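Take a look at the structure below.
Predicted, not measured: the structure shown is a model, and the values here were computed from it.
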Amino acid sequence: QIAPFHPKFAFAGSGDGIDNYTNRSPYPMFHVLRENEVGLAVDKLGGDASKVWQRNVDLLEGMDKKFGREDVKKIMKGESLDGLKEMLRDLRGYSE
């Protein structure tokens, strides 16, 4: 599978929704995903592929609520913020 990412990615009709950040990156790029790895990730989420996207949206919504949109933009550019590592550690299944 090929997943496209772009700094200004926006879903049609989403406006400035935080869900757009699931497909944003600092630079335009394509991520090549191995089908077996995608399958393993989906299996970990109970076999429902839509849960992968929803999990990412939930994370971004939590970051938006905790840090605000401007800081989410900084995080997406690779900047570290106080409290980010702790927030990620508190999520089930996260490890550095």
Side-chain angles (χ1 to χ4, degrees):
Q1 293 182 2
I2 297 176
F5 294 89
H6 191 276
K8 295 181 180 181
F9 182 89
F11 290 105
S14 181
D16 191 34
I18 196 72
D19 58 328
N20 293 317
Y21 286 79
T22 63
N23 286 65
R24 289 193 181 173
S25 64
Y27 306 98
M29 67 177 76
F30 291 104
H31 187 143
V32 178
L33 303 168
R34 293 185 178 122
E35 189 141 348
N36 65 327
E37 291 175 351
V38 172
L40 290 172
V42 171
D43 288 346
K44 286 183 179 181
L45 295 171
D48 183 353
S50 68
K51 287 183 179 180
V52 174
W53 180 80
Q54 188 59 55
R55 183 176 150 187
N56 291 338
V57 171
D58 291 346
L59 171 62
L60 287 164
E61 286 175 345
M63 290 167 55
D64 195 33
K65 183 177 179 181
K66 181 174 177 114
F67 300 110
R69 186 64 54 94
E70 290 305 311
D71 281 344
V72 170
K73 290 177 183 178
K74 291 177 185 176
I75 292 166
M76 294 300 289
K77 290 180 181 178
E79 296 180 32
S80 182
L81 294 177
D82 289 337
L84 178 61
K85 284 186 180 181
E86 292 78 9
M87 178 187 177
L88 295 174
R89 270 193 212 112
D90 290 342
L91 294 174
R92 183 176 171 199
Y94 173 77
S95 63
E96 289 187 65

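A continuous path of Ile, Leu, Val, Met, Phe, Trp and Tyr side chains, each step under 4.5 Å between heavy atoms, connects L88 with F67, placing both in one hydrophobic cluster. F11 and M76 fall into different hydrophobic clusters, defined by Ile, Leu, Val, Met, Phe, Trp and Tyr side-chain heavy atoms under 4.5 Å apart, directly or through other members. The hydrophobic clustering, which links ILVMFWY residues whose side-chain heavy atoms are closer than 4.5 Å, places Y21 and F5 apart. No chain of hydrophobic side-chain contacts below 4.5 Å, direct or via other Ile, Leu, Val, Met, Phe, Trp or Tyr residues, connects F9 to M29.
For NZ of K77, the number of neighbouring non-hydrogen atoms (other residues, nucleotides, ligands) closer than 6.0 Å is 12 at most. For D82, the CG atom is loosely surrounded, since the number of other residues' heavy atoms within 6.0 Å does not exceed 12. No more than 12 heavy-atom neighbours from other residues, nucleotides or ligands sit within 6.0 angstrom of CD on E35. Within a 6.0 Å sphere centred on CG of L40, heavy atoms belonging to other residues, nucleotides or ligands number more than 12.
The side-chain contact (heavy atoms from CB on, under 4.5 Å) check on K74 picks up D71, E79, with sequence neighbours excluded. Partners of S80 under the side-chain hydrogen bond (donor to acceptor under 3.5 Å, both in side chains) rule, at least two apart in sequence or in another chain, do not exist in this structure.
For the atom pair OG1 (T22) and CZ (R55), the distance works out to 13.5 Å, reported to the nearest 0.5 Å. Interatomic distance, CG of N23 versus NE2 of H31, reported as 12.0 Å (0.5 Å rounding). With rounding to the nearest 0.5 angstrom, the CD1 atom of I18 is 9.5 Å from the CG atom of L59. Distance check: L84 CG to K66 NZ gives 9.0 Å after rounding to the nearest 0.5 Å.
With hydrogens and angles left out, the side-chain atoms of S14 and D19 include a donor and acceptor closer than 3.5 Å.
Looking only at distances, a side-chain donor or acceptor of N20 sits under 3.5 Å from a matching main-chain atom of G17.
For the pair M63 and I75, the minimum side-chain heavy-atom distance is below 4.5 Å. Using a 4.5 Å heavy-atom cutoff, the side chains of V32 and Q1 are not in contact.
In terms of heavy atoms, R24 sits closest to A10 at NH2-CB, 4.5 Å. For the residue pair D48 and S50, the shortest heavy atom distance occurs at OD1-OG, 2.7 Å. Nearest approach of P7 to P28, heavy atoms of both residues: CD-N, 3.7 Å.
Clustering of Ile, Leu, Val, Met, Phe, Trp and Tyr side chains at separations under 4.5 Å places L45 together with L33, V38, V42, V52.
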